[in-house]
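Here the structure is laid out as structure tokens; the discussion comes afterwards.
Throughout, a chain's letter reflects where its sequence line sits, starting with A, and its residues are numbered from 1.
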Amino acid sequence: IFSREKLESLIDELKLELVASDVAYEVAEEISSRLLKAVDEGLVRSREDLQRVLKNILIEVFEKAGSVDLLSVARANKPCKLVFLGVNGVGKTTTIAKIAVLLRDNGFKPLMVAADTFRAGAQEQLKIHSERTGIPVFTGKYGSDPASVAFDAIQFASSRGFDALLIDTAGRMHVDIDLVNELKKVVRVVKPHFKILVVDALTGNDAIEQARFFNEAVGVDGVIVTKVDAYEQGGVPLSIAYILGKPVIYAGVGQGYKDLKPFNVYEYVNRILPDLES
Amino acid sequence: MEMVFENLKESIAKFFRSEKYEEAVNEFIKDLQKELVKSDVNLNLAFEITKKIKERALTQEPPVGVSRKEWFLSIVYEELVKLLGGDSKPSIKPARKPWIIMLVGLQGSGKTTTAAKLAYFYKLEGYKVGLVAADTFRPAAYDQLRQLGEQIGVPVYGDPSIEDAVEIASRGVKYFVEKGFEVVIIDTAGRHHKEEDLLEEMRLISSSVKPDEIILVIDGSIGQQAYNIAKKFHETTPIGSIIVTKLDGTAKGGGALSAVAATGAPIKFVGLGEKVEDFEVFKPSKLVGRVLGY
Ligand SMILES: Nc1nc2c(ncn2[C@@H]2O[C@H](COP(=O)(O)OP(=O)(O)OP(=O)(O)O)[C@@H](O)[C@H]2O)c(=O)[nH]1
Ligand SMILES: Nc1nc2c(ncn2[C@@H]2O[C@H](COP(=O)(O)OP(=O)(O)OP(=O)(O)O)[C@@H](O)[C@H]2O)c(=O)[nH]1
Ligand SMILES: [K+]
Ligand SMILES: [Mg+2]
Ligand SMILES: [Mg+2]
């Protein structure tokens, strides 16, 4: 049985380990104060207790965030409209191609919509994904209004029997007011059934800022964390589930079309749970 | 100087109120560690820096006429700037012509955009600049660079039908050098520290074109992994300088400090937006200010 002092220093150690895996500082602090509370309630007397309580806290974070089966969402809405959003370069366009393949493999007839009319090469990027996957893409003109590209795509889709639309948006900083307004307009026009925030697994403390700003601006229904192949034990999924209370639905694990995994909470929690060997 | 420590205002006030110098230093060091880590400075690095600051604060004497506490704050600032190579301007002038630059970095860090920004920068400086599209991996990488090249009036060498990045890179460099171009910038595919085959490709490009400068392009929002990743890149092909992108967002850029520590390379430019002109020569004091909450 440990003294309170010893437990406190163990909690500090745990907090640092979480921070070292890019759990946002703010989130790591809140988790450690919940651990302290558990100590005060007499629930923790040993290293093992501490680890067990921490594990429960982490699992509870994800349970509170709930879970979503994207395929069920797609089945329930015809045509199902999905909008992908996020800051620059996180992997939105690549993820769209992956989800389109997933939907196609599950019997859907998806249409990818290139509503990024801003970034150089964005249209061609999705066109090449279309050539390689055989999944059609609806393109727009560079410089044109992304909301109107999306609107036209919806008309097109309903007349051609597509049952899922995956709408790509240009990467944008969450603090860029003009671009955030542009995104709001896309969402207003499209009325998506599901808005997916895409976040890079290697992001530091900014991950929760991105999540907060996008959620405030247009609302986020679910999160996909990309580039997890570069950082399996990274804390971004935990930070975002904690801050948003929204589920992480998939993890991107590479650049290929099949490199997408359903997010497994238990596997993940075991992976990021710090070892208390010292 | 006052402004630089915006996020640490409380800690500074506490520091000046405190009666005992040593206690005050210890308290402040704790807050500083927290601020650095919140800004994504690598944990070990944050401990190392603060340890050094503490050592100086407790063993050295302030200059005559300067209060001990004022002096302490200047140590903090100085040590952080020192980590970034001092407050002098980085040398951005090519040491000779032709000057071959190769950009490397993680997926989506901003290499292609930065290649165009850099090309535009050197073009405005009066150099004859060419771009080489040696990313054969990302769909439409060539189209992206070609369109950017058109925007800024800089020729782009590329051939989407060739699948070998090494071949394109060496052909592109040869093409521009023979035509008397003075700065040649090679864009490469994104890769990460665990993709050994892609790292090998990077090594091969480098040994075939023998660049004068390899620049690591790093996303300003990267977290604790910045150190490991920069180190791995540096071990694969020696990094000569660093460009930090996307500092127009809310990220503090502490990961860039880690990259500097891991490679010993200076930061030369920062990216502050998507447009080619959203690009600045780097000033160490600016990033330090940002990390500390300027
Ligand atoms: N290793 C790895 N790379 C990925 C993953 N997802 C995307 N990428 C790569 O990340 C880079 C950026 O991906 P994009 O899909 O273009 O990102 P984006 O968010 O659409 O970018 P913008 O539209 O410019 O904002 C590309 O090189 C992708 O191949 C992933 O899960 N793992
Ligand atoms: N806001 C902002 N966006 C930037 C900046 N630099 C690049 N970007 C954006 O980041 C995204 C990725 O940039 P790219 O230049 O395609 O990145 P990359 O490293 O070449 O990507 P890969 O080739 O896929 O590895 C694009 O949306 C760019 O417009 C910057 O300084 N600020
Ligand atoms: K990124
Ligand atoms: Mg995109
Ligand atoms: Mg690129």
>> Which residue in the set Ile135(A), Val198(A), Thr169(A), Leu166(A) passes side-chain contact (heavy atoms from CB on, under 4.5 Å) when paired with Ile96(A)?
In response: Leu166(A)
>> Heavy-atom cut-off 4.5 Å, strictly under: side chain, backbone, both or neither for Gln255(A) against chain B?
In response: side chain
>> Is Asp229(A) in contact with chain B via its backbone, its side chain, both, or neither, using a 4.5 Å heavy-atom distance?
In response: both
> Which bit of Leu106(B) comes within less than 4.5 Å of chain A, counting heavy atoms only: side chain, backbone, both or neither?
Replying inline: side chain
>> Is the shortest side-chain heavy-atom distance between Ile185(B) and Leu103(B) below 4.5 Å?
In response: yes
> Is a side-chain N or O of Asp219(B) found less than 3.5 angstrom from the main chain of Gly108(B), in a donor-acceptor match?
Replying inline: no
>> Between Gln225(B) and chain A, with a heavy-atom cut-off of 4.5 Å, which part of the residue counts as in contact: side chain, backbone, both or neither?
In response: both
> By a 4.5 Å heavy-atom criterion (distance strictly below it), what part of Leu126(A) contacts chain B: side chain, backbone, both, or neither?
Replying inline: neither
> Is it the side chain or the backbone of Lys38(B) that comes within 4.5 Å of chain A heavy atoms, both, or neither?
Replying inline: both
> What option among Ala20(A), Ala120(A), Gly121(A) has the most heavy-atom pairs under 4.5 Å with chain B?
Replying inline: Ala120(A)
> Under a 4.5 Å heavy-atom cut-off, does chain B meet the side chain of Val19(A), its backbone, both or neither?
Replying inline: both
> Between Tyr231(A) and Asp22(A), is any pair of side-chain heavy atoms under 4.5 Å apart?
Replying inline: yes
>> Looking only at side-chain N and O atoms, does Tyr227(B) offer a donor or acceptor that is under 3.5 Å from a partner on Asn44(B)?
In response: no
>> Show, in sequence, the C-alpha distance, side-chain angles and deciding distance for Arg138(B) and Lys111(B), and conclude whether the side chain to side chain contact (heavy atoms under 4.5 Å, CB included) test is met.
In response: CA-CA 12 Å; Arg138(B) 162 157 165 181; Lys111(B) 294 172 295 300; over 6 Å; no
> Which atoms of Ile222(B) come close to chain A, meaning under 4.5 Å heavy atom to heavy atom: side chain ones, backbone ones, both, or neither?
Replying inline: both
> Where does Ile208(A) contact chain B at under 4.5 Å (heavy atoms): side chain, backbone, both or neither?
Replying inline: neither
> Side chains of Gln107(B) and Glu195(B): do they bring a donor and an acceptor to under 3.5 Å?
Replying inline: yes
